[in-house]
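Handing you a structure now.
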Number of protein chains: 2
Amino acid sequence: MGEKMISSIAELIADRIGSMPAGERRAAQTLIASYPMIGLKTVAEFSAAAGVSSPTILRFVARLGFQNYPEFQSNLQDELAAQLQSPAIRTLNPPSPGGGTASPMLEATLDNMRETFRHLSDRQLADIAARLAERRGKTFLIGGRFTDPLARYMAAHLAIVQPDVVHLAGQESMWRDRLIDMGKRDVLVIFDIRRYQDSLVRFAEKAHQRGVQIVLFTDQWLSPIARFARHVIAGRTAVPSAWDSSAALFVVAETLIGAVTRQLDANGARRIREMEGLR
Amino acid sequence: MGEKMISSIAELIADRIGSMPAGERRAAQTLIASYPMIGLKTVAEFSAAAGVSSPTILRFVARLGFQNYPEFQSNLQDELAAQLQSPAIRTLNPPSPGGGTASPMLEATLDNMRETFRHLSDRQLADIAARLAERRGKTFLIGGRFTDPLARYMAAHLAIVQPDVVHLAGQESMWRDRLIDMGKRDVLVIFDIRRYQDSLVRFAEKAHQRGVQIVLFTDQWLSPIARFARHVIAGRTAVPSAWDSSAALFVVAETLIGAVTRQLDANGARRIREMEGLR
DNA sequence: CAAAATACGTAACATACGATACAGCGCTCC
DNA sequence: GGAGCGCTGTATCGTATGTTACGTATTTTG
């Protein structure tokens, strides 16, 4: 068939957004971002939200094929009404004619997360959070080639709610020397998924020998570092892509960040406020 | 407490419909019958549907406690928005077959991802992937305080499948000077969620002026950088935590990485194998 | 049953909303 | 580097929309 099935205005926009001038594209993006609410408001409000002028909004709806703004709004309303009638089938992004959500990548990722958390007890999470929250020693974080950003992400947050959080960055020679600062009161958070990096394994081993408590984020096949780790978080990484996915580990990291923050709330809240003041 | 809990206009109507005159009651019943759609239309249409006159409709909304008709409509819209935003009551997400996960954090994150992708068309993703894959110029990536790790993560992967991928790290003064290398053949991927960082906005503006194509990862309230962006990805960030979640954006990033890799497969595969050999 | 009070619709009004004409600007293509 | 085109915002206009005043109908009450 020559034409595509366009059943919603959102699809219509997605179809034509490529061939729109900058201003109208901003209008389109603004509408999609909070679809479809902004489209139900007046042209003035719409234009203000998108940061463009009123005529641009009107040209935008005209390009979509509507004679005037009210007609555009009517269609949006009809669409909404249809959705409300059948709460079951939310068809903004249609279930992809053929079954399954349009993005198998998304589905796989969601599954990974559910699986990851299924094998992860609340108890375990709480224990790790408690360990990270008790301020006896320092917290070091490090990751592998692709997972180091996760270590950074976690460090960026933890460093705000407590002192002595350090992300080990840069060359191997750089952080290897930091071992000398690490002792049995300290915690080392390591991210390592396959291909497990030798340098990280060696580093973990050394740290372990010094009595450092290791929290390991790895994949379901477990990095060799698991041998030395006090806590192991095994996330699912398989997705229909050339790469492995770190998304499940990312979510676990965020969950931990949240839990630690909550535990430190009494002291941490003041600390956060203090920091705000320093800007 | 003396007052009842009134959380929706529908309840408000049910509460007062007993003390309404005949005409206004017809208005109320008409609204309830197709709640809330007819209330979003004009007074004239509403009155026609209810078989009463316009002033009766206005007296009806006045009795509900609204100053004027637009105010009444705004409240209806807010109510709708709240309903649409929270797929919370989405009974279709099985409570994890085999034991309900008690983690509200996980549930919220999963919802965020579904919502994010609902507002993200395959087309848009494909467009962005194509832009990133076509090797006309360089690809720059940068992020804000908490999102910079996402930029790193993406850069780490893209740099493997294609040349000229650079992550802008370090001090503002460092990457500000890199502007001089950037031109209209280049792409700049920016991560910026609220509190949006002034430095990033300024940087984006300058880059935009130089004709750089900007791909923006932001939250649903859209960073001001959206003004300059060619492509905007609006991810949901709300979770029951002291922090916002970047997990949805992370998944989008991974999806894009996968898409770009697939597109470059012909050439990219050889490049990857070559790299393997270099170890 | 009469008289008053309330409810309702018709019609005129004012506002704010969408639409349009036009000029300035940047971009592309010679 | 210059000419042409397309995009965007400002200012203006017409009109649809919400609002109000007033007269008529309907119900309520003494």
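Lettering follows sequence order; numbering is per chain, from 1.
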Salt bridge check: are B/R202 and B/E205 linked by an N-O gap of less than 4.0 Å?
no
Using a 4.0 Å heavy-atom cut-off to protein, can you give one letter per nucleotide of nucleotides 14-30 of chain C, 5' to 3': B if the base is in contact, S if only the sugar-phosphate is, - if neither?
---SSBB-------S--
Aromatic plane relationship, B/H157 with A/F146 - under 30° parallel, 30 to 60° tilted, over 60° perpendicular:
parallel
Please check this pair: side chain of A/S103 against backbone of A/L106, looking for a donor-acceptor N/O pair closer than 3.5 Å.
yes
Expressed as a whole number of angstroms, how long is the span from B/M20:CE to C/dC8:P?
11 Å
Would one find a side-chain N or O of B/T56 under 4.0 angstrom from OP1 or OP2 of C/dG9?
yes
Measure CZ/B/R26 against P/C/dA7 and give the value in whole Å, please.
17 Å
So, applying side chain to side chain contact (heavy atoms under 4.5 Å, CB included) with B/F217, which one of B/L141, B/V189, B/T147 is it?
B/V189
Would A/R152 and B/D148 count as a salt bridge (charged side-chain N to carboxylate O under 4.0 Å, His left out) here? Give the steps.
CA-CA 9 Å; A/R152 278 178 189 272; B/D148 192 58; 5.7 Å; no
Starting at CD of B/E24 and ending at P of C/dT6, how long is that distance when rounded to a whole Å?
14 Å
Donor-acceptor pair between B/R236 and B/H119 side chains, under 3.5 angstrom:
yes
Output the rounded distance in Å from CZ (A/R63) to C1' (D/dG6).
10 Å
